[in-house]
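In what follows, a single structure is set out as structure tokens and then discussed.
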Amino acid sequence: MAYLRPLIFYILTALAIFMLISPSHSSLDNVNDRVTLSLYYETSLCQHCASFISNDLVKVFHTDLHTIINLRLVPWGNVEIHCQKEHLEFIRCTEQQSLKGGPVEALWKNCSEKLRLNEEIINKCYTTGFGYKLLLQHANETAHLKPPQEYVPWVVVNNQPLRQDLENFVKYVCEAYKGDHKPAACKAQSSGLSPTIHALPQPPPIPVVGFYKLAVQWPPSVCKSTLNCKKPILPEFKIHGIWAQDAHDRPVPQYGPRNPCTHPNPNLDKKKLKGFLQSDPVLWIDLPRLWPNLILGKSDISFWHDEWTKHGTCSDFAQRPLSYFQSAIQLKKKLSRVIGLTPDSTYTVQQAVNAVFQLIHAYPQISCNRNRTNNRQLLLSEMYICYERPTSSNLLGTLKNCSHLYHGQCNSLSDIISFPR
């Protein structure tokens, strides 16, 4: 039941705060002058979110900044929560504890006891199903953000996202405040600030991972179309890669100056990557068999290095390269050699999709290329199988339907494709 951990953690956190919080306002402050500071985040799975809450957001109540803000916390893009100090401390406590693991129920109970919050209210709402109703609001909440949320944590001041400068939120709150009672926290800020949040320089947005594709290639096809291959050419799907995609089914760009998606820098040279992979003897045996470089004269480690650089460095596994490759191998081992298809057969794209669906109960994406010696013949060259983002188990495994059923030189579900041996 490990896959339920993030769901339970989310519900308990949201319920605890939702049931216990009522907004308070300073008598010196006009409510209309308050600056709205919103944090959109994920619970229990996002280390960056936990770090921001524990190390940065607590500044709100460690200074007099709270007298001019309306603080909103939106866990998993869901319930709007108006926070007072004790409730932010609860979130801080649970986020810190979640990164250490352990039973979720014990985690939030320990934090509620420590802060003397009413756990009976939380437990009652959780057991009656109210938490699930809150959870179902997340799609509508995130869908209507303008501009849309691109990653987490996503910090917004008066409807303007701070993007990668979220740690300086105090400065932007002070800039946005138009009231008469400027707090000491704002007076301490430099006088040379830009006049409005709209004047903030906007760094390129960092795409957030929406899901993953396990890309597998069919050697008899790719070796007749796009690759000059080593021999023997075996009739068995081989891994091409495990690819992080955004919510619109676009590849998440690799780590670089324009996409500093993680810290520290996840890029590895071939020698260091090889060392990681060799540290797991079983993986090191499986990789050449299930994830070989098919190209004549090219090494396996070069292929794995390229795939890590392009598709792993901004994935959920960016700081865990060994888990990235282990996940791909485990997924491939769950699939048959031909994944529901029959070599030396001809299919329409729709028929191929249906045959795979009958086996794995999820719709794949079929990719086609043309036979280089017979340009009229379409070959089923690759297949992409889609998976949800990993849960607290740190491994992939939950299948989902791919949003597009064909790719490459396939133009419709009625295209006729060959599946050679």
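All heavy atoms count here, side chains included; hydrogens, waters and symmetry mates do not.
At a threshold of 4.5 Å between non-hydrogen side-chain atoms, the residues Q409 and D415 do not count as touching. Inter-residue side-chain proximity for V356 and L341 is flagged as met; some heavy-atom pair is nearer than 4.5 Å. Between L57 and L37 there is a side-chain heavy-atom pair separated by less than 4.5 Å. With a 4.5 Å cut-off on side-chain heavy atoms, T398 and Y387 do not count as touching. The shortest distance between side-chain heavy atoms of L379 and C368 does not fall below 4.5 Å. For the pair L322/S279, a side-chain contact is recorded, criterion being any heavy-atom separation below 4.5 Å from C-beta on. At least one side-chain heavy atom of M383 sits under 4.5 Å from a side-chain heavy atom of I366. With a 4.5 Å cut-off on side-chain heavy atoms, P153 and L166 count as touching.
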Decide yes or no on side chain to side chain contact (heavy atoms under 4.5 Å, CB included) for L65 and F169, but give the supporting numbers first.
-> CA-CA 11 Å; L65 192 69; F169 73 90; 4.1 Å; yes
V252/C314 under side chain to side chain contact (heavy atoms under 4.5 Å, CB included): CA gap, chis, key distance, verdict | CA-CA 7 Å; V252 173; C314 279; 3.9 Å; yes
Could you walk me through whether I416 and L378 pass the side chain to side chain contact (heavy atoms under 4.5 Å, CB included) test, one step at a time?
-> CA-CA 7 Å; I416 297 174; L378 279 175; over 6 Å; no
For N158 and V173, run side chain to side chain contact (heavy atoms under 4.5 Å, CB included): C-alpha distance rounded to whole Å, both residues' side-chain angles, the deciding distance at 0.1 Å, then the answer.
-> CA-CA 8 Å; N158 279 2; V173 167; over 6 Å; no
Could you give me the CA-CA distance, side-chain angles and deciding distance for E382 and H240, then say whether side chain to side chain donor-acceptor pair (under 3.5 Å) is met?
-> CA-CA 9 Å; E382 294 198 328; H240 183 170; 2.5 Å; yes
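Remark: the backbone N or O of F303 is not paired with any side-chain donor or acceptor of D306 at under 3.5 angstrom. At least one donor-acceptor pair closer than 3.5 Å links the side chain of N259 to the backbone N or O of P253. In terms of modelled atom types and a separation under 3.5 Å, the side chain of R421 and the main chain of D344 share no donor-acceptor contact. Put simply, the side chain of D246 gets close to the backbone of D249: a donor and an acceptor are under 3.5 Å apart. Judged by distance alone, the side chain of S225 and the main-chain N or O of N369 form no donor-acceptor pair under 3.5 Å. Checking side-chain atoms of S221 against main-chain N and O of L380 turns up a donor-acceptor pair under 3.5 Å. One N or O on the side chain of R389 and one on the backbone of V209 form a donor-acceptor pair closer than 3.5 Å. Remark: the backbone N or O of L268 is paired with a side-chain donor or acceptor of H305 at under 3.5 angstrom. Between the S418 side chain and the P420 main chain, no donor and acceptor come within less than 3.5 Å of each other. A donor-acceptor contact shorter than 3.5 Å links the side chain of Q319 to the backbone of P264.
For the residue pair N354 / Q350, a side-chain donor-acceptor distance below 3.5 Å is found, with atom types taken as modelled. Remark: the D316 side chain and the Y212 side chain contain an N/O donor-acceptor pair separated by less than 3.5 Å.
Residues I417 and C410 share a closest heavy-atom pair of CG2-SG, 4.1 Å. Nearest heavy atoms, W218 versus R337: CZ3-O, 3.9 Å. Looking at every heavy atom in both residues, Y324 comes nearest to S315 through CD1-OG, 4.1 Å. Across F211 and C386, no two heavy atoms sit closer than the pair CE1-SG, 3.8 Å. Across P266 and T313, no two heavy atoms sit closer than the pair CG-O, 3.3 Å. A328 and I239 get closest at one heavy-atom pair: O-CD1, 3.7 Å.
In K230, the NZ atom is crowded: over 12 heavy atoms of neighbouring residues, nucleotides or ligands sit closer than 6.0 Å. Heavy atoms of other residues, nucleotides or ligands lying less than 6.0 angstrom from CG of N401 number more than 12. Annotation for R372: atom CZ counts as buried by contact number, over 12 foreign heavy atoms lying within 6.0 Å.
Taking CG of N168 as the start and CD of E175 as the end, the distance is 10.0 Å to the nearest 0.5 Å. Remark: N371 CG to S381 OG distance equals 11.5 Å, nearest 0.5 Å. Within the model, atoms CG of L399 and NZ of K334 stand 8.0 Å from one another, a figure rounded to the nearest 0.5 Å. Here the CG atom belonging to L294 is positioned 11.0 Å from the CG atom belonging to N228, to the nearest 0.5 angstrom. Taking NE2 of H407 as the reference point, atom OG of S367 lies at 5.5 Å (rounded to 0.5 Å). To the nearest 0.5 Å, the span separating CZ on F317 from OG1 on T262 amounts to 13.0 Å.
W291 and F325 have tilted rings, their planes meeting at an angle from 30° to 60° on a 0 to 90° scale.
Listed by first then second residue, pairs satisfying salt bridge (charged side-chain N to carboxylate O under 4.0 Å, His left out) with a partner in residues 267-292 read D286-R289, D286-K333, not counting sequence neighbours.
With Y384 as the fixed residue, the ring-ring contact (aromatic ring centres under 6.0 Å, His included) test singles out one of F237, W243, Y363: W243.
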